[in-house]
Amino acid sequence: MKKRQSEIIKEIAQELDCGFDCYYNSKTYEIVAIPNFSQFSDEDEFKEAFSDSLEKVEKHKTDFIKFETLETFESFKIMELFVEQLSDQNLKSQLENILENKKPFQNFKHKIDHSEYRQRWFEFKKSELEKIVENQLESGKACAQQSAQPKNK
């Protein structure tokens, strides 16, 4: 069972990283991933495209736990934690400067993508997302979900 839980945590973390909200049924171990509604401009188009998943979650909403994509400040915190643990003082200084200026996400990504630390960043971010999912599962912070339907604007 422990291995099963680690697989579930990894899958949910991966879906969150891709911008999907996840609904996890702890009775059936099913994971339903639905793009975060904020990525769509048309509510009807969203409901039509994901009607099967939305219906499944809605029909059994008391069985599902919802994990939402990270808020901007949470993603930013992961970048800060990564920078803090770097031993390369030159890159660390450059990234600290990037995080203090305009367009930190875009500029951080560009700097990391063009460095030898790219793979380490992906592994670090994956590990941090998995910790967040695991903590939410254990603490019950990812609460039973009310509705998969998008909130009215």
Side-chain angles (χ1 to χ4, degrees), residues 1-40 46 49-50 52-54 56-57 60-151:
M1 182 60 189
K2 196 65 172 167
K3 184 170 181 4
R4 178 73 175 142
Q5 184 170 350
S6 70
E7 292 170 7
I8 289 164
I9 290 168
K10 284 180 178 163
E11 185 176 340
I12 293 171
Q14 184 176 8
E15 295 291 0
L16 293 176
D17 194 29
C18 292
F20 288 76
D21 287 334
C22 280
Y23 300 85
Y24 170 63
N25 186 326
S26 59
K27 293 177 183 173
T28 64
Y29 307 112
E30 179 181 20
I31 296 170
V32 177
I34 302 172
N36 187 286
F37 175 65
S38 65
Q39 298 174 9
F40 288 80
F46 175 80
F50 300 99
D52 292 345
S53 296
L54 290 167
K56 182 185 295 185
V57 171
H60 304 283
K61 63 183 170 186
T62 57
D63 296 334
F64 281 95
I65 297 170
K66 182 179 182 183
F67 295 84
E68 296 186 42
T69 55
L70 295 186
E71 297 284 338
T72 303
F73 76 89
E74 293 169 309
S75 296
F76 191 85
K77 184 66 178 166
I78 292 174
M79 293 189 306
E80 285 181 324
L81 290 170
F82 178 75
V83 172
E84 283 175 19
Q85 56 86 47
L86 285 174
S87 58
D88 179 333
Q89 292 304 311
N90 185 37
L91 180 62
K92 184 175 186 171
S93 176
Q94 290 175 30
L95 290 173
E96 286 171 342
N97 189 41
I98 284 170
L99 293 178
E100 292 170 0
N101 289 295
K102 291 182 180 178
K103 300 184 179 180
F105 288 93
Q106 177 182 337
N107 292 327
F108 182 93
K109 181 184 181 323
H110 179 77
K111 186 67 179 173
I112 288 293
D113 283 349
H114 296 89
S115 77
E116 62 187 61
Y117 290 87
R118 185 173 187 267
Q119 190 58 40
R120 279 184 52 192
W121 160 243
F122 289 131
E123 290 166 6
F124 183 86
K125 185 168 83 166
K126 177 179 175 275
S127 173
E128 290 300 309
L129 285 169
E130 288 172 6
K131 286 179 200 173
I132 290 168
V133 170
E134 184 174 16
N135 288 339
Q136 287 178 348
L137 268 177
E138 289 175 0
S139 71
K141 187 174 180 218
C143 46
Q145 92 91 18
Q146 282 97 34
S147 176
Q149 299 296 328
K151 297 176 182 97

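All heavy atoms count here, side chains included; hydrogens, waters and symmetry mates do not. If you're wondering where the values come from, they're calculated on a predicted model, not measured in any experiment.
- Ring geometry, Trp121 versus Phe124: the interplanar angle falls under 30°, so the pair is classed parallel (tilted spans 30 to 60°).
- Within a 6.0 Å sphere centred on CD of Gln14, heavy atoms belonging to other residues, nucleotides or ligands number 12 at most.
- Rounded to the nearest 0.5 angstrom, Cys22 SG and Phe64 CZ are separated by 11.0 Å.
- Asn97 places no side-chain N or O within 3.5 Å of a backbone atom of Ser93 that could act as its donor or acceptor partner.
- Side-chain contact between Lys10 and Glu134: absent, with no pair of heavy atoms (C-beta onward) separated by less than 4.5 Å.
- Between the side chain of Asn135 and the main chain of Lys131, a donor-acceptor pair closer than 3.5 Å is present.
- The CG atom of Leu95 sits 10.0 Å away from atom OH of Tyr117, with the distance rounded to the nearest 0.5 Å.
- With salt bridges taken as basic N to acidic carboxylate O contacts below 4.0 Å, none links Lys126 and Asp17.
- In this structure, the side chains of Phe76 and Glu71 stay at 4.5 Å or more apart for every pair of heavy atoms.
- The two residues Ile8 and Tyr24 have their closest heavy-atom pair at CD1-OH, 3.3 Å.
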For the pair Gln136 and Ile132, evaluate side chain to side chain contact (heavy atoms under 4.5 Å, CB included) and give the outcome as yes or no after the intermediate values.
CA-CA 6 Å; Gln136 287 178 348; Ile132 290 168; 3.9 Å; yes

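- Between Glu130 and Ile9, the shortest heavy-atom contact is O-CG2, 3.4 Å.
- Counting all heavy atoms, side chain and backbone alike, Phe46 lies closest to Pro35 at CE1-O, 3.4 Å.
- Between the OG atom of Ser115 and the CG atom of Asn90 there is a distance of 11.0 Å, given to the nearest 0.5 Å.
- With respect to the salt-bridge test (charged N to carboxylate O, under 4.0 angstrom), the residues Glu30 and Lys56 qualify.
- Shortest non-hydrogen contact noted between Glu128 and Leu81 is OE1-CD1, 3.7 Å.
- Annotation: side chain of Asn25 is not in contact with side chain of Ile31 (no heavy-atom distance under 4.5 Å).
- Judged purely by atom type and a 3.5 angstrom limit, Glu7 has no side-chain atom pairing as donor or acceptor with the backbone of Arg4.
- For Lys92 (side chain) and Glu84 (main-chain N/O), a donor-acceptor pair under 3.5 Å exists by modelled atom type.
- Here the closest non-hydrogen pair linking Arg118 and Ile112 is CB-O, 3.5 Å.
- A 4.5 Å side-chain heavy-atom check between Phe67 and Tyr23 finds every atom pair outside the cut-off.
- Of the possible donor and acceptor atoms, none in the side chain of His110 sits under 3.5 Å from a partner among the backbone N and O of Gln106.
- Using a 4.5 Å cut-off on side-chain heavy atoms (C-beta onward), Ile98 and Lys103 make no contact.
- What you find for Glu68 and Lys66 is that their closest heavy atoms are CG-CE, 3.5 Å.
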